[in-house]
Participant: 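The structure's right below; bear with me while I get my questions together.
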Amino acid sequence: MTKLLNRVSLALAVTLFTSPYAIAGPLNTMDDVGKALQACWTAPQGVQKSTVTLRFSFKRDGSLIGPPTTAAIDFPGKDATARKSFIDAAISAVKDCTPLTFSSDLAQGIGGQVFTMQFASPDTCGGDCNREASVRPN
């Protein structure tokens, strides 16, 4: 009985502390990668009508080659602290969500390529940013 409870506890912990894409198995497409990264993204409170595009590269094992960098930002207003917080949240989403698990086919073509992805405040994408998540070659 104790072994069964330990297994159930472990399964529950894995379910609670991993992203849905980690549980689903290897990612097969760049759209899957975008959705996995989007699942890790939370925009800071109070940020509206803002987007940031990050540039990053993966190794075949799903880890990052260096830190993500800002490619573009659309942030209304002049609050430098809020702007930095917004950018930092997007960078953290990518860093905290990796390494990802790629299918062997995806891993073959992904290593070293530069990709971009846009992160948006929820009001910018109608509250369903996951449907618009995309990772594209730069």
Participant: With a 4.5 Å heavy-atom cut-off, do Ile73 and Phe86 have their side chains touching?
Facilitator: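 Answer yes - side chains close enough.
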
Participant: Would you mind reporting whether Asp32 and Leu106 have side-chain heavy atoms less than 4.5 Å apart?
Facilitator: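 Heavy-atom side-chain distance check fails, nothing below 4.5 Å.
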
Participant: Using modelled atom types and a 3.5 Å cut-off, is there a donor and acceptor pairing between side-chain atoms of Ser92 and backbone atoms of Asp88?
Facilitator: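 Side chain of Ser92 to backbone of Asp88: a pair is present.
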
Participant: Quick one: does Leu64's side chain get under 4.5 Å of Phe58's, heavy atoms only?
Facilitator: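 Yes. Closest side-chain heavy atoms under 4.5 Å.
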
Participant: Is there a donor-acceptor pair under 3.5 Å between the side chain of Ser121 and the backbone N or O of Ser50?
Facilitator: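 Looks like yes, one N/O pair under 3.5 Å.
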
Participant: Does the side chain of Pro76 come within less than 4.5 Å of Gln48's, by heavy atoms?
Facilitator: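 In short, these two side chains do not touch, never coming nearer than 4.5 Å.
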
Participant: Check whether any side-chain heavy atom of Ile110 lies under 4.5 Å from a side-chain heavy atom of Met30, and answer yes or no.
Facilitator: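 A side-chain contact exists here, since the closest heavy-atom pair is under 4.5 Å.
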
Participant: Do any N or O atoms from the side chain of Ser63 and from the backbone of Lys59 form a donor-acceptor pair under 3.5 angstrom?
Facilitator: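 No.
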
Participant: Could you report the tightest heavy-atom contact between Phe119 and Ala93, atom names first, then the distance?
Facilitator: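 Heavy-atom minimum between the residues: CE2-CB, 4.3 Å.
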
Participant: Would a 4.5 Å heavy-atom cut-off, applied to side chains only, mark Cys97 and Leu37 as touching?
Facilitator: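 With C-beta onward as the side chain, the pair touches.
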
Participant: Evaluate side chain to side chain contact (heavy atoms under 4.5 Å, CB included) for Ile87 paired with Phe75, printing each intermediate quantity in order.
Facilitator: CA-CA 10 Å; Ile87 294 168; Phe75 189 90; over 6 Å; no

Participant: May I ask you to decide if Met117's main-chain N or O and Thr53's side chain share a donor-acceptor pair within less than 3.5 Å?
Facilitator: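 Pair absent, no side-chain N/O of Thr53 close to backbone of Met117.
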
